[in-house]
Structure formats: structure tokens, C-alpha cells
Amino acid sequence: MLFIVICVPMNVDFLIIGQGIAGTVLSHALMEAGCSVMVMDEYKPNSASRIAAGVINPVSGRRFTVSWLYDDIYPVAVKTYQRLEQLLNVPVFRERDIWNVLPSEQLKDAFMERTSGLTYMHVPDNDPYDAFLHQPFGAAVIKGATVLLHNLLPAWRNYLKQHHVLREERFNVNALEIGEKIKYKDITANRIIFCEGSATASNPWFNNIPFLLNKGEVLKVRIPGFYTEDIVKRSITLVPQEKDIYWVGATFAWDYKDELPTAEKREYLEAGLQQLLKVPYEVLDQYAGVRPSGTDRRPMMGVHPEHPVLGIFNGLGTKGTSLAPAMAAQFVTHLLEDKPLWQEIDIKRFFNRRKG
Ligand SMILES: Cc1cc2nc3c(=O)[nH]c(=O)nc-3n(C[C@H](O)[C@H](O)[C@H](O)COP(=O)(O)OP(=O)(O)OC[C@H]3O[C@@H](n4cnc5c(N)ncnc54)[C@H](O)[C@@H]3O)c2cc1C
């Protein structure tokens, strides 16, 4: 039997490359603003968004500082994920307590000093975890959340598929024609936006952006008999998945030879587990992926100074889930209404530096 494949040319406002959290949230924001999009994504099981736990934690780092712009970006994240939840009819967003096990008297003092004025921090009256956790210096609770990426990413992919605006293939830079619009095979678009995560480091139009890619590894473990909805954090973080299964992460490595899991990082994560848990656990799996971070740890977005039909939305680093919605909202008003981007997130900061 002879099959004839008819390729109907596709004309859209935006072609988006990548459907991690960046491409997901940006394509949703553009569609909400009334734009037509086509998303192209090559499925990558260990993309940063697929192996992340999606934790939103207002307090970060060894010095327990409040995350960059947290009070402004968090409400945007909540609203965006709630709208996605309604649209896709799957759980996407869950507020959670982060049970911070304090590792020493000195760090307890530092933690209290830094966080005591915050509305989202409190010292618990009772300890539900005494039978399970070693915590000689006590614990403090921070209100955080998780974005259920394992629900959101496939559900958004399905939604795009149902609307015939998803291409599950690898984008090939050599096939891109740049003019007043862009043309890629049968697709014509007013603009193409690269949301390729760590792969953007080798994108020929944006390869002067100083990426500082950062490999992370995680374990999936079972802790028999231990059930909680809280995130538990010490040197490692336990994030509940289902019943007594937990995501355990994450490591950081700037110097790495490939994206595969390593014995060294498994040992590190297991040492953290043994220090934290009073009870046995079983390792079920190990994953590794690369965070798309920049040298100045700020998102990177904007259009190419010489080819404004090319754009980029990237650099979400260690905080993809909390940053993506507010950053996408700002990028959309830039793309559609020409509103200037904040200097610290605009890619002009790299192109200007090159000229100087
Ligand atoms: C171990 C680990 C733990 C983390 N934990 C958290 C956390 O708890 N909370 C948090 O907020 N953040 C966390 N992060 C960071 C977060 O995962 C990232 O900030 C975020 O996922 C980056 O999203 P992205 O869409 O930019 O990139 P990615 O998730 O990498 O997505 C890029 C997509 O583009 C596709 N792609 C690339 N090139 C092409 C091409 N040429 N053609 C077609 N498709 C292409 C890829 O296949 C992929 O699907 C973690 C990261 C890691 C690695």
C-alpha cells in the first residue's frame, strides 16, 4: 500500500525549542497571551527538568539567605502553576513544609539569626520525626513548595500534541533559515526561542554567553515505614514521591566528564542519608543531569542583537521552578510589547561586554 505524506506548511508566531520547565512555562504564557506556538523537543530522560524534584525553597545556600526576588516571584509561580493545574487537570503544585534539620549549634544560631524575622519560618513545638531522624541540634520549619514536574511536563506535552503544536524531534541548527522571519523545514515563525537548557551552551548564535554548567546527581530510595508530605533537609534533601519512596539530592559538580551517574556521588548521597536517618533505606535508582547555570547565577533571556528573530530563555540554574513563571511573564511583555527587560537578566549584558 502506498502512503502519501502531505506536509501542510505551518505558520506560527513562535517556534520554541525545548520543553523543559523553561519551554513549558514560556509556551503556556505565550499561548495565554493569544500567540500561536510550535514546540519542538527531543525527549531527553535525564534533562534537568525531568530529574529535578521541583522544590521551591525561600531560603537557600550555606548562609541561609532569602532567594533572589523571592517575595515577588513566588506569588507569580503559585498563580501560574495553579492555572496549569486547572487547564491540564493534574496536580502540579503543592505547598509543603521544609523540615530543616540543624547540623550543629553554630549553624543553628546562624539559621535562627537569618530566618527568625521571616513569616514563612517557625520553630516546631513537637517533633514527629524522632523515631526516624538524627537531629541533636533540633529543626526549624520553612514554608516551601514543590512543582510536580513528573505530572506537569508530560501533561503539557500531551496538551501540545492534542493541539497539533508539538514536534518530537531534534532541532538541527543547519536547517534554520534566518530572514525577516525564520524558516525551519515546513515551519515559518516570526521568532524562534531557544529553551534548550544546558544544550544552549553549544548553540552557534548564543555561544558567547558564559554558561557554567553544573551536573547534579540524585537517588531514588525507599525508606520502609517512613511516611511524610514534608521535605526533609540536612546536607541532603528528601522529597516525598509516593508512599515511602523519596527523591534524595542533590550533588553539584562543575567539572565532569559526562552526564552519567557516578559511584562517587552515590557514596556522598548515601553518607548524607546515613547521617540523617535512624532507620534503614534501600536505593532504587540513581540519576544525573546538568543544570543550565550562568556565571552570574541570573536567568538569561532576550533577543539576539544582530538577528532579533532569534531569542533565548535560559539560565534558570538551580531554581527553575520558582523562577520560570515570573521570568516568562517578563519575557512575554518584552517580546509582545517591547518592554525592556531588567538589565540583570537581559542577555545584552554579555553582548555589550563582548563589544567593550
Ligand atoms: C539534580 C538536579 C536537581 C534539581 N533540583 C531542583 C529543584 O528542586 N528545584 C528547582 O527549582 N530546580 C531544580 N533543579 C534545576 C532545574 O532542574 C533547572 O533549572 C531547570 O530544569 C532548567 O530547565 P530548562 O527547561 O531550562 O532545561 P531542561 O530541563 O534541560 O530542558 C531542555 C529541553 O530542551 C530539549 N532540547 C535541547 N536541545 C534540543 C534540540 N536541539 N532539539 C530539540 N530539543 C532540544 C531537551 O531535550 C530538554 O527537553 C535541579 C536540577 C538538577 C540537575
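Everything numeric here is computed off the predicted structure, so don't read it as measured data. Each ligand, and each atom within it, is numbered from 1 in the order the structure gives.
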Pair [X], [Y]: side-chain N/O donor-acceptor within cut-off below 3.5 Å:
| X | Y | value |
| --- | --- | --- |
| R96 | T146 | yes |
| Y184 | N172 | no |
| R157 | Q19 | yes |
| S293 | W254 | no |

Quick check on contacts: which atoms of ligand 1 are under 4.0 angstrom from a heavy atom of [X]?
| X | value |
| --- | --- |
| L316 | 19 (O) |
| G18 | 33 (C), 34 (O), 35 (C) |
| R170 | 41 (N), 42 (N), 43 (C) |
| G216 | 1 (C) |
| C195 | 32 (C), 33 (C), 34 (O) |
| E169 | 43 (C) |

Which heavy atom of [X] sits nearest to which heavy atom of [Y], and what is that distance?
| X | Y | value |
| --- | --- | --- |
| S235 | Y268 | O-OH, 4.0 Å |
| D127 | Y129 | OD1-N, 2.8 Å |
| I192 | L310 | CG2-CD2, 3.4 Å |

Residue selection (non-hydrogen contact nearest [atom]) among [options]:
| atom | options | value |
| --- | --- | --- |
| atom 5 (N) of ligand 1 | S293, P299, A52, S49 | A52 |
| atom 51 (C) of ligand 1 | R291, E259, Q19 | R291 |
| atom 49 (O) of ligand 1 | D41, L323, V25 | D41 |
| atom 22 (C) of ligand 1 | P292, G197, G20 | P292 |

From [X] [atom1] over to [Y] [atom2], what is the distance, rounded to the nearest 0.5 angstrom?
| X | Y | atom1 | atom2 | answer |
| --- | --- | --- | --- | --- |
| D125 | H122 | CG | NE2 | 7.0 Å |
| R266 | L273 | CZ | CG | 10.0 Å |
| W205 | H307 | CH2 | NE2 | 8.5 Å |

Counting only heavy atoms, which portion of [X] has something under 4.0 Å from ligand 1: side chain, backbone, both, or neither?
| X | value |
| --- | --- |
| A199 | side chain |
| V218 | side chain |
| A288 | neither |
| E196 | both |

### Task
Mark the output for K215 as yes if a heavy-atom distance to ligand 1 is under 4.0 Å, and as no if none is.
no
### Query
Are G249 and ligand 1 in contact, using a heavy-atom cut-off of under 4.0 Å?
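It does not, in that no heavy atom of G249 comes within the 4.0 Å cut-off of ligand 1.
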Indicate yes or no: does an N/O atom of [X] lie under 3.5 Å from an N/O atom of ligand 1?
| X | result |
| --- | --- |
| G317 | yes |
| V55 | yes |
| R50 | no |
| A250 | no |
| Y43 | no |
| I21 | yes |

#### Entry: Pair F351-H304, ring-ring contact (aromatic ring centres under 6.0 Å, His included): steps then yes or no
CA-CA 9 Å; F351 287 90; H304 192 282; 5.3 Å; yes
For [atom], grab the closest protein heavy atom and report residue, atom and distance to one decimal in Å.
| atom | value |
| --- | --- |
| atom 45 (C) of ligand 1 | E42 N, 4.1 Å |
| atom 11 (O) of ligand 1 | T321 OG1, 2.6 Å |
| atom 26 (O) of ligand 1 | A22 CB, 3.6 Å |
| atom 42 (N) of ligand 1 | F171 N, 2.8 Å |
| atom 30 (O) of ligand 1 | A48 N, 3.6 Å |
| atom 13 (C) of ligand 1 | T318 O, 3.5 Å |

### Task
Describe, in one word, how the ring planes of F206 and F194 are oriented to each other, choosing from parallel (under 30°), tilted (30 to 60°) and perpendicular (over 60°).
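The rings of F206 and F194 stand perpendicular, inter-plane angle above 60°.
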### Task
Mind telling me whether Y246 and F226 have parallel, tilted or perpendicular rings, with 30° and 60° as the class edges?
parallel
### Message
Just to verify, which of V303, N203, I17, I347 counts as forming a side-chain contact (heavy atoms from CB on, under 4.5 Å) with I312?
### Response
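Among the candidates, only I347 passes.
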### Message
Can a donor-acceptor pair be found, under 3.5 Å and without considering hydrogens, that links the side chain of R349 to the backbone of D346?
### Response
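Yes, the answer is positive, given that a donor and an acceptor are paired below the 3.5 Å cut-off.
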### Task
List the steps and the verdict of side-chain hydrogen bond (donor to acceptor under 3.5 Å, both in side chains) for S36 and D13.
CA-CA 5 Å; S36 55; D13 295 321; 3.2 Å; yes
